[in-house]
Amino acid sequence: MKIATWNINGVKARLEAALSWLGSARPDVACLQEIKSVDEGFPRGAFEDLGYQVATHGQKGFNGVALLSRTGFDEVRRGLPGNDADEQARYIEADVAGARGLITVASIYLPNGNPIGTDKFAYKLAWMERLEAHARRLLALEMPLVLAGDYNVIPEPIDARRPAAWTGDALFQPESRTAWRRLVALGLTDAIRACYPGDDLYTFWDYQAGAWQKNDGIRIDHLLLSPQAADRLVAAGIDREVRGGEKPSDHVPVWVELDT
DNA sequence: ATGCCTTGTCGCACAAGA
């Protein structure tokens, strides 16, 4: 089963690019972030025509996440637990059918958190604490679990072409990286890092200043696997060519192939 | 040092992104 994640930066602006990528990459499950659409405005039909069932957790103008599944959904859960007052749509998870049983997949849009020292950064750190608590509960179920999405965290200096340029940025702050390490240390596997130890593995290139042309990228889109999923990890990859396509998102799809 | 783009918005400039 192939599971992919992609921050598409607006589902309506990216519809053609998304359909084109789905047609060639053919993931069984796709986790989308920054759909920037309410549920009613999501172009479900276009994805259903490609054979996907669609589950959305949308919001007007900003944020918003979605799941696409070829095998449908056993159950869908919307919102990250831990703060009923949080109105930002950044989390959706579902159980999907694999050949050997259910797999839980989450589409995560972790807050950016810039600038540091503001309530935006505090919100990011609080959100990461909630994610850690939720991941701990999910891991206790001992099921195949894939936490996929735009984490807005550069884990290590090797994950940026110019790490020094990110000093003082919420994506590379020590507190953000510590929270990331705490999450991974629960027993999760960073799929891309597990498959590729080297550098030049980026998932985001800014629209500005020719970042793509200069390969001035960062790795912030991740798939974290529970032990039961990591045991079945066959391959992982970054579809970086998508960044050079027509009207691209600033992020590219990242995927894993699991033997399930 | 700042903006550089891009998207969506009850647009007519601005917020938010990263």
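In this text, all values refer to a predicted model and were calculated from it rather than measured experimentally. In the text below, chain A, chain B and the rest are named by the order of the sequence lines, each starting its count at 1.
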Select base, sugar-phosphate, or nothing to describe what [X] touches, counting heavy atoms under 4.0 Å on all strands.
X: K120(A); result: sugar-phosphate
X: N63(A); result: nothing
X: D169(A); result: nothing
X: F172(A); result: nothing
X: N7(A); result: sugar-phosphate
X: A13(A); result: sugar-phosphate

Would you say a side-chain N or O of [X] is under 4.0 Å from OP1 or OP2 of [N]?
X: N9(A); N: dA16(B); result: no
X: N112(A); N: dG17(B); result: no
X: Y207(A); N: dG3(B); result: no
X: R14(A); N: dT7(B); result: yes
X: K36(A); N: dG17(B); result: no
X: H251(A); N: dA18(B); result: yes

Rounded to the nearest Å, what distance is computed from the [atom1] atom of residue [X] to the [atom2] atom of nucleotide [N]?
X: D206(A); N: dC4(B); atom1: CG; atom2: P; result: 11 Å
X: F121(A); N: dA16(B); atom1: CZ; atom2: P; result: 18 Å
X: Q88(A); N: dG17(B); atom1: CD; atom2: C1'; result: 12 Å
X: F42(A); N: dG8(B); atom1: CZ; atom2: P; result: 13 Å
X: R90(A); N: dA16(B); atom1: CZ; atom2: P; result: 11 Å
X: F204(A); N: dC5(B); atom1: CZ; atom2: P; result: 14 Å
X: K247(A); N: dT7(B); atom1: NZ; atom2: C1'; result: 8 Å
X: L15(A); N: dT7(B); atom1: CG; atom2: C1'; result: 15 Å

Q.
Using heavy-atom distances to pick each residue's nearest nucleotide on DNA chain B, tell me which of K12(A) and D250(A) is more 5'.
A. K12(A)
Q: Report the residue (G113(A) or Q59(A)) whose heavy-atom-nearest nucleotide on DNA chain B is the more 5′ of the two.
A: Q59(A)
Q | Trace of the side-chain hydrogen bond (donor to acceptor under 3.5 Å, both in side chains) decision for K36(A) with N9(A) | A | CA-CA 7 Å; K36(A) 296 188 177 179; N9(A) 187 18; 2.9 Å; yes
If you measure from the [atom1] atom in [N] to the same atom in [M], how many Å do you get, rounded?
N: dC10(B); M: dC5(B); atom1: C1'; value: 25 Å
N: dG8(B); M: dG3(B); atom1: P; value: 23 Å
N: dT6(B); M: dT2(B); atom1: P; value: 23 Å
N: dC4(B); M: dA13(B); atom1: P; value: 16 Å
N: dA1(B); M: dC12(B); atom1: P; value: 33 Å

Q.
Given the ring of Y52(A), does R70(A) sit roughly above its face, with NZ or CZ under 6.0 Å from the centre of the six-membered ring and within 45° of the axis?
A. yes
Q: Kindly give the heavy-atom pair with the smallest separation between N114(A) and D169(A), and that separation in Å.
A: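 The answer is ND2-OD1, 3.0 Å.
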(Q) Given L145(A), which partner from the list L225(A), T104(A), V105(A), L224(A) fulfils the side-chain contact (heavy atoms from CB on, under 4.5 Å) test? (A)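 It is T104(A); the other options fail the test.
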Q.
Among V153(A), I192(A), I158(A), which residue satisfies the side-chain contact (heavy atoms from CB on, under 4.5 Å) criterion with R219(A)?
A.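 So, applying the side-chain contact (heavy atoms from CB on, under 4.5 Å) to R219(A) and each of V153(A), I192(A), I158(A), only I192(A) qualifies.
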(Q) Can you confirm whether I220(A) sits close enough to T203(A) that some side-chain heavy atom of one is under 4.5 Å from a side-chain heavy atom of the other? (A)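 Answer yes - side chains close enough.
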Q.
Side chains of D206(A) and D216(A), heavy atoms from C-beta outward: is any pair under 4.5 Å?
A. no
